[in-house]
*Asks:* 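Sending over a structure as C-alpha cells; questions will come in a sec.
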Amino acid sequence: MSLRRNASKYGVSSTHADEDTLPTQTQTSFFQKGREFESRYVNHHYTEEEREKLGTFESVDYLPPHSAVYKNWLKQQPSRLDWDRWVMMGMIGFSVGFIGFLMHQLIDVISEVKWDKASEFIKDRDFGLAWVWVIGYSVLFVLASSIPVVYFRPSAGGSGIPELIGFLNGTVVRHIFNFKTMLVKFFSCVCAVGAGLPIGPEGPMIHLGSLVGAGLSQFKSHTLKFQLPFFERFRNTEDRRNFISAGAAAGVASAFGAPVGGLLFSMEEVSSFWNMKLSWQTFFACMVSTFTTDLFNSAFDGFKYQGDFGLFKAEKNILFQATDIFVSLQISHGIGLNILAFIPTVIIGIIGGLLGAVFTFINLKIARFRRSQISKIKSKQWKNIAKISEPVLIMVITGTASVFLPAAFPCTLFQCSFTSEGFSEKCLTSSQHPLHTERDVKNYTCPVGITRVINGTEFTNSSFNEVATLLFVTGEKAIHHLFSRDTPYELGYASLFSVLVIYFLLACWSAGTAISSGLVVPMLFIGGTYGRIIGRAMVDMFGFHSTGYWAWMDPGAFALIGAASFFGGVSRLTMSLTVIMMEITNDIQFLLPIMVAIMVAKWVGDFATHPLYHALLELKCIPFLDSEPVILHEGSQAINLELFKAEDAMSSPAIVVHKIESVSRLTQLLQDTPHGGYPVVVKTDREDEVFSGLISRNDITVLLSREDIFSSRENLSLYEEELDVNRLDYYQMHQGYHKDADRLNSQLDLYAEDPRYQNLFIDLSPYVNHSAPTVQETFSLHRTYIIFRTLGLRHLTVVDERNRVRGIITRKDLMGFQMEERIHKFLHSSRDHEMQSPSSSLVHRSSMDA
C-alpha cells in the first residue's frame, strides 16, 4: 500500500478531498440525510461516505512537540520578553484595519455608480434601459467575483468562518491561509457586495483578518517563495494559531467598528482555547484595527469634502447607527425603556429563533441540492460554468426585483406634509421629537415637492417609494432606514412583507454560491424588517408617543431588536453579538431588550437546528469538537459522561514504536497503518514497555526521507545529552513531506523490498514529544474530553496503572456520534451481561442508570 493511498484515505497530509470528486452516491446521501430540522442536542450520525470524507482531514496539536530538537531551537531564539508580540499584534491590527477601509470604500464606489445611473433612468421612466444597466453592470461584477473563486481558489468562496472555526478547533483545512486565497477573497467580496447581491462583507473580513494573522506573523510565504529573518520565534503552531485568532477578532473590529465585540467573538465562537494574556493582546489588535479603519475613513472623507481629517463619525464605517441624524435631540435624550417592552421583545425573540432555524434549514437544503446536481455533471468545464451561472442568475433576479418591484407600490407622502387641505396634524403633536421622513429615501418615479418650515417643523408635499427605499440601495443603507427613529409611518406593511419574503429567499440562496460572501448584512436586514413590522403594528394599535410612558414603542427600536434576534437565531451567539449590536448602534438604552431577544432566539433555535456555522462544518465534514459533548441514550435521556471511563472511547490496541527502530519497521508502519501518531515506549527493568512520549507520522516520514541519518545499531546512542540534535532542525521536521510525495513513495518501496534496511536504524529520541499528556484507562470520560479540547490535542494516550500503553484517543474518537455509538454498544453489552449475571459490577449498573 503506497503512502499516497494512505494519505488520501486517512488524512495524513493537510489536504482534503475536493467536493466535486466525491462519488454520486455520496452526493445523494448528503442530499437525503442532512440534519436540517434537528435539535442542537442531537448528534449528527454520518453516513459511511461522510465518514470517509471526515477521514481526509488531518488534526494538528495546539502546542508544538516538546522534543530535544524543539528545545534546541528555543535556545537559539533571541531572549525577549513580550514587546515583539505586542508589535506583531499592532501590525496585524493596522493591516486588517486598512484592508477593512479599502474594502468599504471600493464597495461604496461600485455601488454608487450603479444606483446613481439607474436612478436617472428611472426618473425619466425609462425602465427598460434602467433594467439593462442594472443587470449588465451587476452581472459584470458578479462574473469578476465568481470566476477567480471557481478557477483559481475555491477555498476563497463563502465566508470562510466555518473553515476558520474548524482550524482553530484543531483541524487542518487546505488553502484557507494561502496568499492567493487572500487576494481572491478580497477581490471577490468587493465585486459581489458592490454588485448588489444580498450578501455582506463582514464574514470575508473575519477570514481576511485571520489570513493576515497567519501570514504576517510568520514573515514567510510558500506562494511568494520568500522567508524573512524576522520574528522567527513565532514560527510554531501555538503562536501562529494565537495570531490567527487575533486577526479574526481584528477583522470583526474593522468590519463593525466594534473592538470589544471582536475580542468576544473570537473568544466565544472562533477559538477553542484561550488565556488572559492572549485576551489583552487581542484587545490591542482590535483597538488598532478599529482606529486604523476610522482614521483612513476620516482621511478619505477629508479628501472628498475638505476639512474632515481626524473626525471619527458616529456612523460606523460599514454599517449604520440606529438613531437618525436628522433628529439631533433624539441622540442626546434617547428613548426611555418600559417593562412592557419585554412582552413584544420575547415575541420577536421567538420569531427570530424560528426564522433563524428556517433560514438554516433552507440554506442547508440548497447546499445539498447544489452538490447533488453538480455531481451529476460529468465534465469539469461544465461544472465550473454551472457554478458561475448560479450567482449570475441570483443577480438577475435581484436586479429585476430592485428595478420593477417598486412600480407595484404607490407613492407615499412625506409624514410632515402639506396639501391643498392644510398641514399634517400628526407632525404638530410634539415639538421636541417631531415625526419626520428621512431625507435620503428614494423617490423612484414619485413627484418631488417643496418644503416649508412652520414653527421650527419642516413640512413638505414630496413623496417617495417605500420598496425602492429598501431595494434601490445597498443592504447597509437599507438597514439604516429600518433602524431610523421617529419615522413610524415611513414604511408600511405591504412593502415590508414583500421585501422580507424576497430578500429572505435570495439571501438563503446566495450563501454558499461560488463567491466570497457573508451573511451578517442579510441577517440584520431580515431581522430589522420583521422587527419593524411588529413595531408598526404596535403603533397602529396603541398610537405613537414621542415622549412619556409609551415612548419606547418605536418601530426603529424594534427593528434593532429584531435584527439582534435573527442574528442570534442563526448564529446562536450571545455575549459577542450583544456587544457588537451596542457598538454599531450606540444605543445603550435597549441593551436589556436586545439581551432578552438574543437569549430567547438562541433557546428557540437550539431546539430546531444547530447553529448555521456548526451545521456547515458538518455539511463539509470538517471534524469539530463542541464545547460540551451531548450524548443521548435511546434518543431522549442525556448520559452523564462522568460515569464512563477513558477506555470506553479509546481505540485499542495502540501500535507503539521504540526509541530505536529499524527503517524497515517504520516503513511498514507508514504503509500498513493510517495513524497520525505513535506512542513511544521504553523497556524497564521488569521488561515492561512503558510510555515515554509520542512521535507523529509526519516526523517519521521526514526522518525516512533522510538516508544520511540511518545508522547501524551499535553506532546509536541512548543518552539524550549525547544526541546530535543538529542533524535535523525544528524547521526541517515541520515543513512536511508532501511537496515530494512521489519521491518518498519510491523510497518507501525500496526500504520495504531491500533487506539491508532491516539492519539500519533511526534514533527517534531527539524527535519524541516527551510532554505528550496521558490519562489512565479509569479516568473520567467527561474530563478526558475537557482536557483534549482545552489543550488542543491531536492524540491522547491511555495507560494503565503501570504506565503501559493501552490505547489512544484522537479527535474523531471524541466526536459526538462516535462516542454515542461506543457508549450505546457498551450499555447494551452491559445489559446483556447483567441479564446473564445479576452480580455484575457496580460500574456497569451505574452506567445503565445514566
Side-chain angles (χ1 to χ4, degrees), residues 9-12 16-17 26 29-30 33-35 38-61 165-166 169-172 272 610 614-655 673-677 775 777 779-798 806-830 847 850:
K9 184 176 181 182
Y10 299 108
V12 296
H16 67 82
T26 304
S29 66
F30 266 116
K33 300 181 180 179
R35 59 182 316 124
E38 191 170 49
S39 170
R40 179 174 187 170
Y41 309 109
V42 176
N43 289 305
H44 175 65
H45 289 271
Y46 294 85
T47 64
E48 288 301 320
E49 293 83 8
E50 290 174 324
R51 295 187 190 201
E52 186 175 343
K53 190 178 180 185
L54 271 175
T56 64
F57 289 91
E58 183 183 7
S59 296
V60 62
D61 279 303
I165 293 173
N169 191 259
T171 301
V172 179
S272 298
H610 264 225
H614 292 193
L616 290 174
L617 282 168
E618 291 161 0
L619 176 70
K620 299 171 186 286
C621 291
I622 299 175
F624 176 78
L625 296 183
D626 213 337
S627 57
E628 188 71 22
V630 179
I631 310 298
L632 299 180
H633 179 49
E634 295 181 352
S636 58
Q637 186 178 2
I639 293 177
N640 188 350
L641 294 183
E642 287 276 43
L643 300 175
F644 294 85
K645 299 173 291 186
E647 66 175 350
D648 297 328
M650 71 182 185
S651 297
S652 179
I655 298 176
T673 65
H675 311 310
V775 293
E777 52 192 347
F779 197 79
S780 159
L781 181 55
H782 182 259
R783 302 180 194 196
T784 299
Y785 187 96
I786 293 173
I787 289 173
F788 194 99
R789 189 181 188 275
T790 304
L791 294 180
L793 301 179
R794 182 180 182 183
H795 301 97
L796 181 60
T797 307
V798 182
R806 290 303 184 204
I808 197 164
I809 295 176
T810 65
R811 167 175 302 272
K812 297 177 183 68
D813 293 323
L814 293 180
M815 291 185 69
F817 78 95
Q818 190 84 324
M819 282 202 295
E820 204 166 76
E821 290 177 2
R822 291 188 178 183
I823 288 175
H824 287 177
K825 183 178 180 181
F826 171 76
L827 290 175
H828 286 299
S829 63
S830 299
S847 299

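This structure is a prediction, so every number in the text was calculated from the model and none was measured. Position 1 is the first residue of the sequence; numbering continues from there.
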*Asks:* State which residues pass side chain to side chain contact (heavy atoms under 4.5 Å, CB included) with Pro629; sequence neighbours excluded, sorted by chain then number.
*Replies:* Leu641, Tyr785, Met819
*Asks:* Return the set of residues passing side chain to side chain donor-acceptor pair (under 3.5 Å) with Asp61 (not counting sequence neighbours), or none when no residue passes.
*Replies:* none
*Asks:* I'd like to check the side chain to side chain contact (heavy atoms under 4.5 Å, CB included) partners of Arg806; sequence neighbours left out, ordered by chain and number.
*Replies:* Met650, Glu777, Asp800, Arg804
*Asks:* Is there a donor-acceptor contact under 3.5 Å linking the side chains of His782 and Glu628?
*Replies:*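 Side-chain D/A pair, His782 to Glu628: present.
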*Asks:* Name all residues meeting the ring-ring contact (aromatic ring centres under 6.0 Å, His included) criterion together with Phe817; count only those two or more places apart in sequence or in a different chain, and write none if there are none.
*Replies:*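 Residues passing ring-ring contact (aromatic ring centres under 6.0 Å, His included) with Phe817: Tyr46.
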*Asks:* Does the distance from a Lys or Arg side-chain N to an Asp or Glu carboxylate O, for Glu618 and Arg40, drop under 4.0 Å?
*Replies:*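 No salt bridge links Glu618 with Arg40.
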*Asks:* By side chain to side chain donor-acceptor pair (under 3.5 Å), which residues pair with Thr790, not counting sequence neighbours?
*Replies:*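 Scan of Thr790 (side chain to side chain donor-acceptor pair (under 3.5 Å), adjacent residues dropped) gives none.
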*Asks:* Applying ring-ring contact (aromatic ring centres under 6.0 Å, His included), name anything that partners Phe624, two or more places apart in sequence or on another chain.
*Replies:* His614
*Asks:* Suppose we screen for salt bridge (charged side-chain N to carboxylate O under 4.0 Å, His left out). Which residues come up paired with Arg789, at least two apart in sequence or across chains?
*Replies:* none
*Asks:* With sequence neighbours excluded, what pairs up with Glu820 under the salt bridge (charged side-chain N to carboxylate O under 4.0 Å, His left out) test?
*Replies:* none
*Asks:* Can you name the side chain to side chain donor-acceptor pair (under 3.5 Å) partners of Glu642, sequence neighbours left out?
*Replies:* Ser780, Arg783
*Asks:* Sequence neighbours excluded, which residues qualify as side chain to side chain donor-acceptor pair (under 3.5 Å) partners of Glu48?
*Replies:*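 Here no residue qualifies.
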